[in-house]
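Notes for the one structure printed next.
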Amino acid sequence: MPRYSIEEILHPWSKRIRPYPPGKPIEEVERELGRTAIKLASNENPLGPSPKALEAIQKSLAGIHRYPDGAGHYLRRRLAELHELDMDQIILGAGSTDLIELAAKTFLNAGDEGITSESAFYIYRLAIEGMGAGLALAPMRDMRFDLAAIARAVTPRTKVIYLGNPNNPTGTMFTASELDRFLDAIPSRLLVVLDEAYYDYVGRPDYSHSLKYVHEGRNVLVLRTFSKVHGLAGLRIGYGSGHGELIAALNRVRSPFNANMLAQAAALAALDDREHVLGSVESNARGMKFLTEELALTGVRYTPSVGNFLLVDTGRDCEEDFVRLLHEGVIVRPMKLYGFPAAIRVTVGLEREIEQFLEALRHIAAAPVKAGKN
Ligand SMILES: Cc1ncc(COP(=O)(O)O)c(C=O)c1O
């Protein structure tokens with residue numbers, strides 16, 4: 001037994017934090033249940049990675065005894081070129097989660113405040129709470145970020161605001177002009193972290209012109225990731241764009257080798273595989289149409305989504321549904337943590353995966369819950 005309790009040296013605020021429960025890995029489910037499973041739990045790309053990314057990884061493998069390029073030169077250069085920014089306006093992260101946390105680490109401390117919305121991506125609040133800062137959770141309106149409520153929640157202590165567009169798990173978005181109005185309404189000293197993890201999936205013309213803010217030198221950090229449409233979630237690579245002073249501040253706190261060698265090589269190749277991106281977006285659009293039409297036919301309610309996932313309101317206990325779907329070989333996510341105790345979130349998979357999900361959903365809806373089971 002240790003002679004001292006870890007409690008004595010813990011930050012008091014860390015005791016209040018409820019950790020993020022990630023999606024259950026397929027291998028774990030298959031081991032536990034002794035059956036094959038499909039994973040529709042983490043909004044991954046069902047088509048997998050770009051073949052060009054795989055090729056780039058193969059080519060880099062022999063060099064992994066070396067540290068990666070801590071400055072991420074080639075990837076940042078390509079991203080800067082694509083977005084017509086300077087290289088010093090781009091920062092790489094081990095996924096965008098890394099950059100969500102880095103923003104908090106750079107700007108927040110006990111006594112400061114960060115704001116996000118009630119049913120926003122959970123990592124935002126973890127980032128704020130992890131720094132011991134005060135967390136303000138603005139209510140949502142019609143399942144969307146209520147930007148006016150967020151603006152009203154600003155206090156002299158507020159430093160950082162996290163916005164997901166589209167938001168996970170609701171799949172809803174705000175428009176470019178709504179964000180324009182919001183940015184004009186809040187004090188310009190505030191940092192707005194604008195998380196656009198699902199950027200490529202959103203087909204709407206009134207969606208984001210986020211990089212315009214970066215060009216204008218506003219205090220906005222735009223986050224994108226290679227985990228979703230590029231299919232590289234396991235490699236952990238994302239990036240942020242912002243004005244030079246902001247990126248320099250983040251770089252002071254960034255862990256020097258946060259973007260690993262294989263991830264940098266794969267991301268660089270994936271960026272130029274437009275065929276894979278477009279194919280993934282089209283496959284998602286087809287899958288979303290199929291999924292939502294089928295759900296509507298059976299009278300199951302859902303929140304219309306512009307992403308690659310759907311919040312499905314089953315009207316039953318989501319933890320029970322989660323377990324029962326697991327037994328059917330389908331991994332989804334229960335949404336109680338996000339304030340939806342009767343909803344699950346399902347990723348838009350391949351057609352046969354969607355069919356399996358729908359079949360499993362019909363099955364569990366038809367079969368009564370056995371007392372003492374699960
Ligand atoms: C809104 C949102 N932001 C960020 C992420 C995390 O992405 P990454 O894998 O780049 O850390 C996710 C992943 O589910 C997400 O839904």
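Just so you know, ligand 1 is whichever comes first in the structure, and atom 1 is the first atom listed for that ligand.
- Scanning the protein heavy atoms around atom 13 (C) of ligand 1, the nearest turns out to be K228 NZ, 3.0 Å.
- Looking at F340 and D313, their side chains never come closer than 4.5 Å, going by heavy atoms from C-beta outward.
- The nearest heavy-atom contact from the protein to atom 7 (O) of ligand 1 is S96 OG, 3.3 Å.
- Taking the six-membered ring where the residue is Trp, F226 and Y239 present tilted rings, their angle falling between 30° and 60°.
- Counting only heavy atoms of the protein, atom 1 (C) of ligand 1 lies nearest to D195 OD2, 3.3 Å.
- Ligand 1 lies less than 4.0 angstrom from a heavy atom belonging to S227.
- Within 6.0 Å of CZ in R189 there are more than 12 heavy atoms belonging to other residues, nucleotides or ligands.
- The six-membered or imidazole ring of Y198 lies near that of F309, with a centre-to-centre distance under 6.0 Å.
- The ligand atoms of ligand 1 that sit less than 4.0 angstrom from a heavy atom of R236 are 8 (P), 9 (O), 11 (O).
- Closest to atom 16 (O) of ligand 1 by heavy atom, among F309, F121, Y198, is Y198.
- Close approach of ligand 1 to A197 is summarised as follows: ligand atoms under 4.0 Å from at least one heavy atom of the residue are 2 (C), 3 (N), 4 (C).
- R218 forms no cation-pi arrangement with Y213, by the criterion of a distance under 6.0 Å to the ring centre and an angle within 45° of the ring axis.
- Of the N or O atoms in N168, one or more lie within a sub-3.5 Å distance of an N or O in ligand 1.
- Residue contact annotation: N43 has no non-hydrogen atom under 4.0 Å from ligand 1.
- For ligand 1, the polar-atom distance check against Y124 finds no nitrogen or oxygen pair separated by under 3.5 Å.
- Residues I128 and L102 are members of one and the same hydrophobic cluster, defined by side-chain heavy-atom contacts under 4.5 angstrom among Ile, Leu, Val, Met, Phe, Trp and Tyr.
- Ligand 1 has no nitrogen or oxygen under 3.5 angstrom from a nitrogen or oxygen of S42.
- Using a 4.0 Å cut-off to heavy atoms of G95, the atoms of ligand 1 that qualify are 8 (P), 10 (O), 11 (O).
- Closest to atom 11 (O) of ligand 1, if we only count protein heavy atoms, is T97 OG1, 2.3 Å.
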Ring pair (Phe, Tyr, Trp, His ring centres under 6.0 Å) between F121 and Y338, worked out: CA-CA 8 Å; F121 184 45; Y338 288 88; 7.4 Å; no

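- No close placement of the F182 and F174 rings is indicated, their centers lying 6.0 Å or farther apart.
- Classification of the Y122-Y20 ring pair by plane angle, with boundaries at 30° and 60°, yields parallel.
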